[in-house]
Amino acid sequence: MPGRPPGEQQAPSPGAGGPPPVVPSWRRRLRPYVLAVPALAITIGILYPFVLGAYYAFIDYSAVNPNPTFVGLDNFKEVLSSSVFWESVKTTLIYAVSATVLETVLGLGIALLLYRASFTGRIFERVLILPLMIAPVIAGVIWGLMYNPQFGVLNYMFGLGDFDWLSRSNALWSCVLVDIWIFTPFVAILVLAGLRSLPREPFEASSVDGANWFYMFRRLMLPMMWPYILVAVIFRFMDSLKVFDQVFVLTAGGPGNETRTLQIGAYQDSIINLNYSRGATYMFLLWILVFVTARWLVSVLGKAQRRAAGAEE
Amino acid sequence: MTQYTREGAKDYTEDGDKLKAAMNDPKAVDFTSKWVALARDAGPSGWTTYEYPDVTRDLGNGSAMMAYDADSATYPLNVAGASAQAGNIAWYPGPAGPDGSYATNLWTWSWGMNAASKKKLPAWLFIQWATGSDAMSKAVQQGTFADPTRASVFDGAFKQTLGNFPGYLETFETVIDSTAIQFTPQTHFFETTEEWSVALQDIYDGADAKQRLDDLADHNNDVVNG
């Protein structure tokens with residue numbers, strides 16, 4: 001365009017008639033960096049505590065040791081040789097797997113029930129998201145009151161006497177139940193959105209060919225729904241591995257160490273026992289677990305998406 | 001810890017320049033077994049997740065008949081209008097040990113100043129104000145402050161405010177001379193007492209008391225001497 005200085009461009013005209021404002025070249029060159037500032041700030045905000053936490057895992061920092069020194073892998077050796085740590089790993093995995101599986105199955109079932117639009121379905125859709133509006137820590141308090149063996153509403157309603165929902169044998173499953181109550185709607189809504197985005201043509205063609213509902217569900221709906229289901233599984237599994245709020249409110253990791261998840265273990269070591277390095281080591285190991293699992297689940301999701309698109313058998 | 005001490009049990013004994021965990025000594029095992037049996041037979045359902053607020057709530061609303069706890073957790077409930085059982089609560093020093101001991105554990109909150117503080121004077125002036133007789137008397141009269149540490153406030157405002165609570169002052173006079181922090185001071189206090197409470201919960205849930213306390217003592221020996 002003749003007449004425009006090299007390296008400068010015209011911005012779109014804000015109004016009709018007048019000449020478009022000229023953007024100086026230095027501003028144009030600066031723009032990408034300015035746009036990157038918020039993302040950079042957030043990244044630094046994430047990376048700084050992460051690097052600091054990782055650093056703590058390699059020193060012997062505690063409230064009674066104000067002059068920590070580098071100890072190499074000693075913290076990892078100590079934590080990995082502790083039976084309490086492995087009990088926490090087991091508890092965390094049982095919690096995450098059972099909560100994710102049950103929420104996925106229930107969420108899928110609820111989504112299928114709500115799939116066909118109806119008046120009651122629309123009401124249920126709105127009611128369904130109510131648990132998601134409640135902070136998990138508040139849900140923990142509410143369920144703690146309902147679980148109370150002396151005046152809790154659950155024992156009263158079901159005539160269970162003084163049944164102890166948070167005893168050693170029941171505590172973990174009672175915590176999983178609260179997780180299911182809070183997060184099944186999340187899975188249901190995600191799957192429902194996926195269901196409603198499916199093309200109608202394959203189902204109509206199958207119906208014309210005389211396929212029954214179960215056949216269409218197994219052969220058409222489920223393969224096309226896998227990517228949506230896997231997204232829900234990834235979100236819920238990652239989140240469940242990091243569970244803290246409702247479990248801490250309900251049991252604080254007890255009775256004994258029965259519900260001591262890795263996050264609660266890290267809290268106990270850092271905040272209660274004032275051994276910051278051991279708490280940081282717990283968190284670092286949890287990060288490895290979450291990272292490896294997330295990478296694997298994302299690769300599974302990629303395969304499912306390619307399969308749903310017909311690119312892979 | 002109060003009754004544990006009265007029964008002659010200790011948390012640690014000194015072994016040269018090291019500490020030796022004593023929560024698996026015969027007296028400690030015997031007392032722990034009785035204490036856990038008491039909690040199981042006469043305590044609340046869900047004892048393992050029962051906390052201080054639950055204790056005070058249940059005593060205040062009348063669903064618990066007795067609480068064995070620090071006085072600061074109980075006397076506010078007897079202030080008129082503070083709970084359903086206000087006016088019905090009385091105090092007792094608890095059973096003496098076999099040798100007549102009324103040893104009592106002191107659980108206290110204190111003001112402290114960091115040696116590295118850059119504003120020591122304002123901090124010191126604040127501590128003087130907060131522990132002065134005027135501020136302490138006002139707090140006592142409002143029913144928000146337990147067990148004033150100044151004798152003048154205790155004998156004055158405190159007795160005027162709580163003196164008619166049945167058994168309260170008598171209990172205080174009975175135990176005060178043998179009251180001290182009964183825990184052995186050591187730098188891993190929080191970690192080792194947390195493990196101790198986990199062991200008690202395990203025993204409550206059926207673990208053998210001797211075996212579990214042996215394991216606890218081994219663990220705590222490693223931690224405190226490590």
Side-chain angles (χ1 to χ4, degrees), chain A residues 60 62-66 74 78 81-84 87-88 140-141 143-152 154-155 160-171 174-175 247-260 264-265 267-276 278-279, chain B residues 36 39-55 57-65 84 112 114-116 185-209 211-213 215-216 218-220 222-226:
Chain A
D60 56 351
S62 72
V64 292
N65 184 17
D74 284 1
E78 184 191 339
S81 62
S82 147
S83 60
V84 176
E87 280 172 33
S88 289
V141 173
W143 277 85
L145 292 171
M146 297 203 305
Y147 281 150
N148 189 293
Q150 287 163 301
F151 57 77
L154 291 177
N155 284 4
L160 295 174
D162 60 354
F163 178 76
D164 187 2
W165 291 83
L166 299 175
S167 69
R168 173 175 289 274
S169 53
N170 301 329
S174 297
C175 292
V247 178
F248 185 76
V249 170
L250 284 167
T251 64
N257 287 322
E258 205 61 31
T259 56
R260 188 184 192 263
I264 289 178
Y267 167 83
Q268 285 177 345
D269 273 336
S270 295
I271 310 297
I272 305 290
N273 300 337
L274 305 175
N275 190 331
Y276 312 122
R278 201 164 56 206
Chain B
V36 169
R40 197 185 290 124
D41 297 341
S45 307
W47 180 80
T48 51
T49 48
Y50 200 69
E51 297 187 7
Y52 285 104
D54 303 316
V55 175
R57 181 202 59 220
D58 285 355
L59 186 70
N61 68 22
S63 56
M65 197 179 75
N114 196 319
Q186 42 95 6
T187 54
H188 295 277
F189 172 80
F190 292 110
E191 181 175 354
T192 50
T193 46
E194 179 82 9
E195 285 299 323
W196 200 349
S197 67
V198 168
L200 291 179
Q201 295 185 0
D202 286 343
I203 296 166
Y204 180 89
D205 279 311
D208 177 71
Q211 181 61 51
R212 186 63 184 85
L213 291 171
D215 293 345
L216 172 72
D218 287 345
H219 175 272
N220 284 356
D222 289 344
V223 173
V224 296
N225 298 312

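Below, read A as the first sequence line, B as the second, and so on, with proteins coming before strands; counting in each chain starts at 1.
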Do A/Q150 and B/D58 come close enough that some side-chain heavy atom pair is under 4.5 Å?
->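 Touching, per the 4.5 Å side-chain cut-off.
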Below 4.5 Å from any heavy atom of chain B, which atoms of [X] appear? Answer side chain, backbone, both or neither.
| X | value |
| --- | --- |
| A/F151 | side chain |
| A/L250 | backbone |
| A/E258 | neither |
| A/D164 | side chain |

Which pair of non-hydrogen atoms, one from A/G256 and one from B/D202, has the smallest distance, and what is that distance?
-> CA-OD1, 3.7 Å
Determine the minimum heavy-atom distance between A/P149 and B/G46, stating which atoms define it.
-> CG-N, 4.1 Å
Straight-line distance of [X] [atom1] to [Y] [atom2], nearest 0.5 Å:
| X | Y | atom1 | atom2 | answer |
| --- | --- | --- | --- | --- |
| A/S62 | B/H188 | OG | NE2 | 7.0 Å |
| B/E191 | A/D269 | CD | CG | 6.5 Å |
| B/Q201 | A/T251 | CD | OG1 | 9.5 Å |
| A/N257 | B/E195 | CG | CD | 6.5 Å |
| B/Y50 | A/N148 | OH | CG | 8.5 Å |

Quick one: which of B/T192, B/L200, B/D205, B/T49 has the most heavy-atom pairs under 4.5 Å with chain A, could you say?
-> B/D205
Counting only heavy atoms not in B/F189, do more than 12 sit closer than 6.0 Å to its CZ atom?
->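 Counting other residues, nucleotides and ligands, CZ of B/F189 exceeds 12 neighbours.
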